[in-house]
Amino acid sequence: MPSSPTVARLMVVLAAVLWSAGSFMKVFREDTPLGLHTPQLDPIPIAFWRGLFAGLALVPLVRFRYARFRPVMLGMVACFAVMSGLYLSALGLGPAANAILLQNSAPVWVYLIGVYLLKQKADGRALTSAALAMAGVGVIVAGNWPWTVSGDEQRAQVVILLMGAGSGMTYAGVVLFLSQLRAHSPAFLMVLNLLGSAAVLGVYLLLTGGFTMPTPLQLVYLALFGVVQMAAPYWLFARGLRTLSPQEAGIITLLEPVLNPVWAYLIAPDKEVPTWWTLGGGAVLLAALAWKYVPARKPRAGVPAAG
């Protein structure tokens, strides 16, 4: 257990920094000094290998004698697999800033699905946050919509934007499933998601003929990518949550969507310059998430609350 809140905060900060390194998947598609772009790997195979290596790295943390499988977990794994495939596809084929910001719309979908489909209790603060976040998502999508092109190029850009938005929706599905399974071991659920999604994506690649074997050097970097960008930050985040509140941890992890486009720009500066629409919509979206996670100030004793 972290010895102090400071250590816990540093753990969550490091987790956010490592999560933001998802942009480094572009080294498998861009011409960099590492030479990992030959043969070029598509996003779905990268998602498969990342999930496989990350899941294997977390297996030692699971106490399988206490683990219990429930059929509802299949829905969680399916959401996680689709989320991984859509997110890395949007990240690899389009601007990183759009992908990460659209995926971070997940709390909005969690709120909307919870209130309007699952009939959960509405919360005024969350409603305000959801409205702001939807405005931010709208700015990103509308501002980056390929109005000036047509044909195949337009369809491709629209699909990339929709993949980013879809990753946010399926991420929300994962969160809702996890909330229903909170009595189960977090380590078991994470391993189940990672290895289960690798199995789903692997079957998809075999059925579609999209499976290509990476080179030995690519496999080494894919293993590092899975362990460093997925397994390690989940472990650090879980450890930090033993001391910090979920609200504070949520605020700290907003570092991820801020840093992710920075890494992408450093890897491919000629392709990864965010548009002003992305920056503006991202600022609104991050402000909405911050508003959601910052605890409301409680009135002092003897002072009536406003309203």
Side-chain angles (χ1 to χ4, degrees), residues 19-20 22-23 25 42-52 54-55 70-118 120 129-130 133-134 136-138 140-141 158-182 184 186 189-205 207-208 210 226 229-230 233-234 237 250 253 256-257 260 282 285 288-289 292:
W19 269 324
S20 75
S23 291
M25 63 88 66
D42 289 330
I44 301 298
I46 295 174
F48 162 75
W49 290 107
R50 184 184 71 161
L52 178 63
R70 291 175 55 190
V72 71
M73 293 177 181
L74 294 175
M76 175 187 66
V77 170
C79 278
F80 194 93
V82 175
M83 176 200 73
S84 297
L86 289 177
Y87 173 62
L88 286 187
S89 294
L91 191 64
L93 301 175
N98 291 351
I100 186 63
L101 290 170
L102 289 173
Q103 193 198 43
N104 272 269
S105 66
V108 181
W109 302 113
V110 169
Y111 176 81
L112 295 176
I113 294 171
V115 171
Y116 295 105
L117 292 183
L118 303 181
Q120 297 174 352
S129 176
M134 286 301 291
V137 170
I140 294 172
V141 173
V158 169
V159 167
I160 292 170
L161 281 172
L162 293 179
M163 286 191 296
S167 70
M169 295 179 188
T170 46
Y171 187 10
V174 174
V175 172
L176 290 169
F177 274 114
L178 288 174
S179 69
Q180 296 298 313
L181 297 166
R182 55 183 174 270
H184 294 261
L189 294 177
M190 198 63 247
V191 168
L192 189 63
N193 275 330
L194 290 166
L195 295 183
S197 66
V200 171
L201 294 173
V203 171
Y204 170 81
L205 289 170
L207 292 177
T208 58
Q229 195 267 328
M230 284 287 279
Y234 274 113
F237 187 73
T253 55
E256 179 196 355
N260 192 293
L285 180 55
L289 296 177
K292 171 67 173 67

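All residue numbers in this chain count up from 1 along the given sequence. This structure is a prediction, so every number in the text was calculated from the model and none was measured.
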Original post:
Would a 4.5 Å heavy-atom cut-off, applied to side chains only, mark Ser84 and Arg50 as touching?
Top reply: yes
Original post:
Partners of Trp109 by ring-ring contact (aromatic ring centres under 6.0 Å, His included), sequence neighbours excluded?
Top reply: none
Subject >> Minimal non-hydrogen separation, Ala288 against Ala133, with atom names >> reply: CB-N, 3.4 Å
**OP:** Without swapping roles, check the side chain of Gln229 against the backbone of Trp19 for a donor-acceptor pair under 3.5 Å.
**Re:** yes
Original post:
Can you tell if the side chain of Leu181 reaches within under 4.5 Å of the side chain of Leu189, non-hydrogen atoms only?
Top reply: yes
Original post:
Of all heavy-atom pairs between Ala198 and Gly51, which one has the smallest distance, and what is that distance?
Top reply: CB-C, 4.2 Å
Original post:
Heavy atoms, side chains only, cut-off 4.5 Å: are Leu91 and Pro43 in contact?
Top reply: no
Original post:
Hey, is OH on Tyr171 packed in by over 12 heavy atoms from elsewhere, all under 6.0 Å?
Top reply: no
Original post:
Once you round to the nearest 0.5 Å, how far does CD1 of Ile100 lie from CG of Asn98?
Top reply: 11.0 Å
Original post:
Does some side-chain heavy atom of Val141 sit less than 4.5 Å from a side-chain heavy atom of Leu102?
Top reply: yes
**OP:** Any chance you could measure Met83, atom CE, to Gln103, atom CD, to the nearest 0.5 Å?
**Re:** 6.0 Å
**OP:** Hey, could you give me the CE/OG distance between Met25 and Ser89, rounded to the nearest 0.5 Å?
**Re:** 7.5 Å
Subject >> Met169 vs Leu86, side chain to side chain contact (heavy atoms under 4.5 Å, CB included): CA-CA, chis, key distance, verdict >> reply: CA-CA 10 Å; Met169 295 179 188; Leu86 289 177; over 6 Å; no
Subject >> Rounded distance [0.5 Å steps], CE in Met73 versus CG in Asn193 >> reply: 9.5 Å
Subject >> From CA spacing to verdict: side chain to side chain contact (heavy atoms under 4.5 Å, CB included), Val110, Leu176 >> reply: CA-CA 7 Å; Val110 169; Leu176 290 169; 4.0 Å; yes
Subject >> Ser23 side-chain N/O to Asn260 backbone N/O, donor-acceptor pair under 3.5 Å >> reply: yes
Original post:
Could you give the distance from CZ (Phe177) to OG1 (Thr170), rounded to the nearest 0.5 Å?
Top reply: 11.5 Å
Original post:
So which heavy atom on Ser167 is nearest to which on Gly164, and how close?
Top reply: OG-O, 2.6 Å
Subject >> Gap separating the CE atom of Met190 from the CG atom of Leu178, nearest 0.5 angstrom >> reply: 8.0 Å
